[in-house]
Undergrad: 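Have a look at this one.
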There are 2 protein chains.
Amino acid sequence: MGLRHAVLAALCDDEYSGYQLAKAFDVGVANFWSASSQQLYSELTRLEQAGLISGREVVQLDRPNKRVFTVTPAGLEELAKFAAADSKPLSFRDDLLVKIQVIDQLDPEPVIAQLEERAAEASAKLELFGQILLRLRGDLDEQTYLRRGEQIGPYLTCLGGIRFQQVVRDWSTTTAEVLRQRRGTS
Amino acid sequence: MGLRHAVLAALCDDEYSGYQLAKAFDVGVANFWSASSQQLYSELTRLEQAGLISGREVVQLDRPNKRVFTVTPAGLEELAKFAAADSKPLSFRDDLLVKIQVIDQLDPEPVIAQLEERAAEASAKLELFGQILLRLRGDLDEQTYLRRGEQIGPYLTCLGGIRFQQVVRDWSTTTAEVLRQRRGTS
DNA sequence: CTACCCATGTAACTGGTTACATGATTAC
DNA sequence: GTAATCATGTAACCAGTTACATGGGTAG
């Protein structure tokens, strides 16, 4: 089961409500998983019934109350079992790459626009992830943090996210450039 | 619909049987999509009924006969509509990243082993993709091919696959290294 | 008073995975 | 004769998406 463990992992960091998790899965957590809010609410319900997380009501005066969740010892045990088992191969699906694959048979204009949009999104994520890294490591420089810092996990996944987004940005930009040049000469 | 267009794109390159497509989706096409053979057989059936591809029987003496498929004009039109429409955000899901995220709470040993396995797979793919690039561009050097070569699409997606696999290999290797060092010092 | 954010869900549907089933041919 | 590769599927199940529903609070 996929989402189950991603949610448990996200809740290891801090306690979150369904709504907050949905936000997190839109940005940071999206480094390794993506999910809609509907999926999250029902997964949280199932996880609580299974005793892997426990929720508590937080009363808020200025806005609707919420229920935040934390991982139970049973939840941690579940994560440990999961980590020791073989990983499924990473699943990767991208509309835009499908379009590039057959670009020779198509009008390149709309695809070029989509590549540029994708590059812009990647730039935005890079800025965000850069800030997250700084916040995580505090005063320490990267080498020191990697050796002796606490909570190395989120730092490492964020580093991975940065490298991935760099590739997305650079590849999208150069691909758009190649297609633009060929448009002129054919 | 996702797989539908990925299959159409793959069949633009050449004619394939279900079995051959399944092989392709395991390696090269996996750059932009992944699918099981069962999914492919049923998708091929649906695509043929919809008139987007057409199949023909190939009689083979030394092995079981097969049916190979090509994209029809209607199929190409479908691809054109697809390319002009907005792309869904790329979906990315990885067990291994989930495990790294919570590595501080877990036994790192099995995860380190998985990272090393992942790096080895990435190396193998890099070698394969490098060969595909060479075969695609023939005698031309890359700059020339990008400007004037025919069939630029598969070349561009393969370039993207290479950059992606490089990140996977490098990140997996350095992450495993970081975790190994910390194991010693904690 | 309108639009947007916070907050939580249900229901119907589509897409994807796992397990199972069959049968021919080739290489050891 | 046993395992591996070629070749094609069915059925049951699980995961993920889309559409819909509700209601309070805040900013303009």
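Just so we're on the same page: letters track the sequence lines, and every chain starts at 1. Quantities reported herein were computed from a predicted structural model and do not represent experimental measurements.
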Undergrad: Distance check needed: dA24(C) P versus K66(B) NZ, whole Å only.
TA: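 Checked: the NZ to P distance equals 19 Å.
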Undergrad: Do D170(A) and T173(A) pair up side chain to side chain, a donor and an acceptor below 3.5 Å, judged on atom types alone?
TA: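 Distance-only check fails for D170(A) and T173(A).
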Undergrad: Quick one: label S37(B) by what it contacts on the DNA or RNA (base, sugar-phosphate, nothing), any heavy atom closer than 4.0 Å.
TA: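 Contact class for S37(B): none.
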Undergrad: Contact class for Q38(A) (heavy atom, under 4.0 Å): base, sugar-phosphate, or nothing?
TA: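 Base: the residue Q38(A), judged by heavy atoms under 4.0 Å, touches a nucleobase.
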Undergrad: Just call it for S42(B): base, sugar-phosphate, or nothing, with non-hydrogen atoms closer than 4.0 Å on any strand.
TA: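 Here S42(B) touches no strand at all.
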Undergrad: Side chains of T70(A) and E15(A): is there a donor and an acceptor less than 3.5 Å apart?
TA: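 There is no such pair (donor and acceptor under 3.5 Å, judged by atom type) between the side chains of T70(A) and E15(A).
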Undergrad: Rounded to whole angstrom units, what separation is found between the CE atom of M1(B) and the P atom of dG16(D)?
TA: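 Computing the M1(B):CE to dG16(D):P distance gives 18 Å.
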Undergrad: Rounded to whole Å, how long is the line connecting atom CZ of R93(A) with atom C1' of dT17(D)?
TA: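 Atom-to-atom, R93(A) to dT17(D), this comes out as 13 Å.
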Undergrad: On DNA chain C, compare the nucleotides closest to R46(B) and K88(A); which residue's is nearer the 5' end?
TA: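 Residue closer to the 5' terminus by nearest nucleotide: R46(B).
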Undergrad: Is the Lys NZ or Arg CZ of K66(B) less than 6.0 Å from the centre of Y19(B)'s six-membered ring, within 45° of the axis?
TA: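 That pair does not qualify as a cation-pi contact.
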Undergrad: Find the distance Y41(B):OH to dT17(C):C1' and express it as a whole number of Å.
TA: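 Rounded to the whole Å, the gap is 17 Å.
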Undergrad: If you check the S36(A) side chain, which of dT18(D), dA7(C), dA7(D) turns out closest?
TA: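 Out of dT18(D), dA7(C), dA7(D), the nucleotide with an atom closest to S36(A)'s side chain is dT18(D).
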Undergrad: Any side-chain N or O of K23(A) below 4.0 angstrom from OP1/OP2 of dC5(C)?
TA: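 Looking at the OP1 and OP2 atoms of dC5(C), neither is under 4.0 Å from any side-chain N or O of K23(A).
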Undergrad: Touch check for R4(A), heavy atoms < 4.0 angstrom, all strands: base, sugar-phosphate only, or nothing?
TA: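 Since no nucleic acid heavy atom lies under 4.0 Å of R4(A), the category is nothing.
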Undergrad: Which of these nucleotides, dT17(D), dA7(C), dT8(C), is closest to any side-chain atom of R63(A)?
TA: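 Nucleotide nearest to R63(A)'s side chain: dA7(C).
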Undergrad: Let's see if you can work this out: which of dT8(D), dG9(C), dT17(C) has an atom nearest to the side-chain heavy atoms of Y19(B)?
TA: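 From the listed options, dT8(D) comes nearest.
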Undergrad: Nearest-nucleotide wise, let me know which of L3(A) and T45(B) is further upstream toward the 5' end of DNA chain D.
TA: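 Upstream on the strand: T45(B).
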Undergrad: Under 30°, 30 to 60°, or over 60°: which ring-plane class applies to F164(A) and F92(A), parallel, tilted or perpendicular?
TA: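 Perpendicular, since the angle between the ring planes exceeds 60°.
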Undergrad: Grab the CG-P distance between D26(B) and dT17(C) for me, whole Å please.
TA: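 Between P of dT17(C) and CG of D26(B): 12 Å.
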Undergrad: Between P64(B) and S91(B), name the one whose nearest nucleotide on DNA chain D is closer to the 5' end.
TA: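 On the 5' side of the pair lies P64(B).
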Undergrad: Provide, to the nearest angstrom, the distance between the CD atom belonging to Q60(B) and the C1' atom belonging to dT8(D).
TA: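 In whole Å, dT8(D) C1' and Q60(B) CD are 13 Å from each other.
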Undergrad: Taking 4.0 angstrom as the limit, do E142(B) and R147(B) come out as a salt bridge?
TA: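 R147(B) and E142(B): not salt-bridged.
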Undergrad: Whole Å only: how far is the CD atom of E57(A) from the C1' atom of dC6(C)?
TA: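 In whole Å, dC6(C) C1' lies 14 Å from E57(A) CD.
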Undergrad: Starting from P on dC6(D), measure out to CG on D62(B) and report it in whole angstrom.
TA: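 Value for this atom pair: 11 Å.
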Undergrad: OP1 or OP2 of dG9(D) versus the side-chain N and O atoms of Q39(B): is any pair under 4.0 Å?
TA: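 Indeed not, no polar side-chain atom of Q39(B) lies that close.
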